[in-house]
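All ligand and atom numbering here is 1-based and tracks the order in the structure. This one's a predicted model, so the numbers in the text were calculated from it and none came from an experiment. In this chain, numbering begins with 1 at the start of the sequence shown.
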Amino acid sequence: MEELIIIGGGLAGSEAAWQAAKRGIAVRLYEMRPVKATPAHQTAALAEIVCSNSLGSLLLSRPSGFLIAELQKMGSLLIECALENRIPAGKALAVDRDAFSNSVQERLQSMPNIEIIRKEVRKIPSKPAILASGPLTSPALARSLKKFTHQNNLFFYDAVAPIIEADSINMKVAYWGSRYGKGTKTGGDYINCPFNMLAEYERFVSELLTAEKVKLKNFEKDISKGVRGGKGKFFEACLPIEVMAARGIKTLSFGPLRPVGLRNPHTDCRPQAVVQLRQDNQAATLFNMVGFQTNLTYAEQKRVFRMIPGLENAEFVRYGQMHRNTYIYAPDVLHPTLQSRANPNLFIAGQLAGVEGYLANIATGMLAGINAARYINGDPLLTLPATSMLGALCAYITTPNLESFQPMKTNFSLIPPLEEFIKNKEERFLALSNRGLQDLSAYLREQHEPKKI
Ligand code: FAD
């Protein structure tokens with residue numbers, strides 16, 4: 001029987017092991033706990049859920065519900081175990097975390113062709129392997145990965161600015177433009193949100209300073225001070241916006257919010273300060289807030305950032321955050337099949353691949369497990385349809401981005417629009433999910449998937 005090494009028995013690695021084993025591959029699953037701890041895990045169990053016990057809404061009109069339906073369609077072990085160990089939480093799929101990981105562990109142990117080995121892997125193997133060692137990958141393995149990705153493609157901190165849905169920006173207030181008109185596109189590369197009055201800028205800064213912040217874990221404290229160099233590296237060197245604001249009322253208007261060269265065409269005046277929004281995906285349905293990496297709580301980000309002119313009704317597909325997170329620059333390193341561009345024996349899944357959130361980690365683990373098995377068996381690899389949530393996520397993380405690359409979680413803005421626009425959001429999202437599920441079924445049938453289950 002052909003052999004596959006999987007490094008990391010977390011969410012992605014456990015799902016990957018199941019999928020590959022079900023396809024007749026001999027799996028050696030390496031998990032370093034309890035021999036070596038991570039700063040966040042509390043137990044020795046496989047598929048430990050480190051924080052919130054909710055996997056998100058089950059409604060098909062929510063991104064999480066859409067992805068859960070895809071995972072079910074493709075035979076996900078972890079979703080099966082989550083549903084078996086579900087606890088009451090309205091429409092959300094919340095689990096008893098210990099019962100959930102025990103179920104996953106028992107099911108993996110019951111497979112004769114999975115060997116679970118409690119050992120740290122310190123080097124990328126040369127044999128077929130899946131790397132799923134997560135956001136807290138051990139330092140030795142991270143060093144090996146850094147060499148493999150040629151230094152510049154591995155990051156240790158997530159310094160993420162919020163991302164907003166384009167159609168929720170009020171363009172009667174905001175405007176297109178590049179500083180001094182020096183953009184690459186006619187009309188400008190950025191959407192600019194102007195503080196026309198000094199008082200409104202000052203009110204915003206004052207709310208920013210008093211807003212509630214997230215309590216960082218001990219191992220994350222250096223991030224809030226903006227430490228870089230040494231072992232750490234921010235993708236965009238940056239301080240949290242609220243830390244910058246605390247240095248003085250004018251720090252932002254002389255820094256990331258400087259208005260120079262950004263005259264407002266609505267008023268024909270230079271604003272007091274300007275928040276710039278940068279296009280985040282090729283379809284221009286997502287925009288990130290330049291310089292707005294932050295430790296504010298999600299609720300406070302929504303409240304305070306909606307004070308920015310033009311963002312009164314902004315819909316956030318992801319909030320800003322700053323935390324420890326090891327991840328690669330997937331556009332250079334991976335194909336949408338999650339196979340390495342440089343070494344076809346290697347697949348990367350989970351948080352390490354640049355996706356974010358429990359479900360996306362399980363889902364990429366599933367695809368890597370299936371594709372690694374197909375690779376070993378000599379079958380063509382799956383590139384899932386762009387209309388499916390998992391296909392869209394894999395396309396997003398592996399497409400060279402415009403200027404910035406930030407880990408991404410599931411959201412509807414990644415999915416190509418419907419042929420006919422549906423105004424009602426709930427109905428539109430439901431239609432997108434139904435179309436994606438149909439396309440996924442057709443594609444899987446075409447690829448004779450699942451095989452040998
Ligand atoms: P993990 O589940 O972390 O699995 C990786 C495994 O690899 C671990 O078990 C680790 O021990 C093992 N490992 C590491 N290095 C090695 C090595 N060299 N050899 C062998 N084994 C190794 N997401 C959410 O959706 N909701 C949340 O509330 C949430 N909270 C989070 C809180 C924290 C503190 C962190 C760090 C992340 C959080 N996330 C959350 C993000 C993410 O969804 C989880 O981290 C998720 O568990 C990642 O899945 P994974 O499979 O990529 O990695």
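Nearest to atom 35 (C) of ligand 1 by heavy-atom distance, out of I362, L145, T326, V50, is V50. Between P135, A132, C51, A360, it is C51 that holds the heavy atom closest to atom 30 (N) of ligand 1.
Residue contacts with ligand 1: L11 is placed with a nitrogen or oxygen under 3.5 Å of a nitrogen or oxygen of the ligand (distance criterion only). Backbone and side-chain nitrogen or oxygen atoms of M32 are examined, and one is located within less than 3.5 angstrom of a nitrogen or oxygen of ligand 1. Residue-to-ligand polar distances place E31 within reach of ligand 1: an N/O pair is separated by less than 3.5 Å. The shortest N or O to N or O distance between T137 and ligand 1 is not below 3.5 Å. Inclusion of A349 in the set of residues having an N or O under 3.5 Å from an N or O of ligand 1 is not warranted. Annotation: V121 places an N or O atom under 3.5 Å from an N or O atom of ligand 1; distance criterion only. Some N or O of Q351 is nearer than 3.5 Å to an N or O of ligand 1, by distance alone. The shortest N or O to N or O distance between N361 and ligand 1 is below 3.5 Å. Annotation: S138 places an N or O atom under 3.5 Å from an N or O atom of ligand 1; distance criterion only.
Residue G357 has at least one heavy-atom neighbour below 4.0 Å for each of these atoms of ligand 1: 23 (N), 24 (C), 25 (O), 43 (O). Interface of R33 with ligand 1, defined as ligand atoms under 4.0 Å from a residue heavy atom, comprises 9 (O), 11 (O). When each atom of ligand 1 is checked for a heavy atom of L141 under 4.0 Å away, the hits are 18 (N). The distance from ligand 1 to the heavy atoms of G350 drops below 4.0 Å at these ligand atoms: 52 (O). Against a heavy-atom cut-off of under 4.0 Å, I7 is close to the following atoms of ligand 1: 19 (N), 20 (C). In the vicinity of A12, heavy-atom distances shorter than 4.0 Å reach the ligand 1 atoms 51 (O). Near T38, meaning under 4.0 Å from one of its heavy atoms, ligand 1 places the atoms 10 (C), 11 (O).
When each of Y298, Y319, F292 is tested with F305 by the rule ring-ring contact (aromatic ring centres under 6.0 Å, His included), just one qualifies, namely F292. Each of L55, L78, N53 was checked for a side-chain contact (heavy atoms from CB on, under 4.5 Å) with F100, and the lone residue meeting it is L78.
Salt-bridge annotation for E120 and R122: present, with a side-chain N of the basic residue lying under 4.0 Å from a carboxylate O of the acidic one. K73 has no carboxylate O lying under 4.0 Å from a charged side-chain N of E70, or vice versa, which leaves the two without a salt bridge.
Neither the backbone nor the side chain of N325 comes within 4.0 Å of ligand 1, counting heavy atoms alone. Neither the backbone nor the side chain of A47 has a heavy atom within less than 4.0 Å of ligand 1. Contacts between H41 and ligand 1 below 4.0 angstrom, taking non-hydrogen atoms only, involve the side chain exclusively.
If you check the side chains of N371 and T337, you find no donor sitting under 3.5 Å from an acceptor. Under the 3.5 Å distance criterion, with hydrogens and angles disregarded, a donor-acceptor pair is assigned to the side chains of D439 and T387. Side-chain polar atoms of R445 and Y443 form no donor-acceptor pair below 3.5 angstrom. No hydrogens or angles considered: nothing links the side chains of T294 and Q301 as a donor-acceptor pair under 3.5 Å. No side-chain N or O of S101 forms a donor-acceptor pair with one of E48 less than 3.5 Å apart. Side chains of T285 and E165: a donor-acceptor N/O pair is absent below 3.5 angstrom, by distance only.
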Item to check | Residues K213, E300; criterion salt bridge (charged side-chain N to carboxylate O under 4.0 Å, His left out); working and verdict | outcome: CA-CA 8 Å; K213 322 279 181 308; E300 288 290 76; over 6 Å; no
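At least one heavy atom of K119 sits less than 4.0 Å from an atom of ligand 1.
Inter-residue side-chain proximity for M74 and I370 is flagged as met; some heavy-atom pair is nearer than 4.5 Å.
Between the S433 side chain and the F429 main chain, a donor and an acceptor come within less than 3.5 Å of each other.
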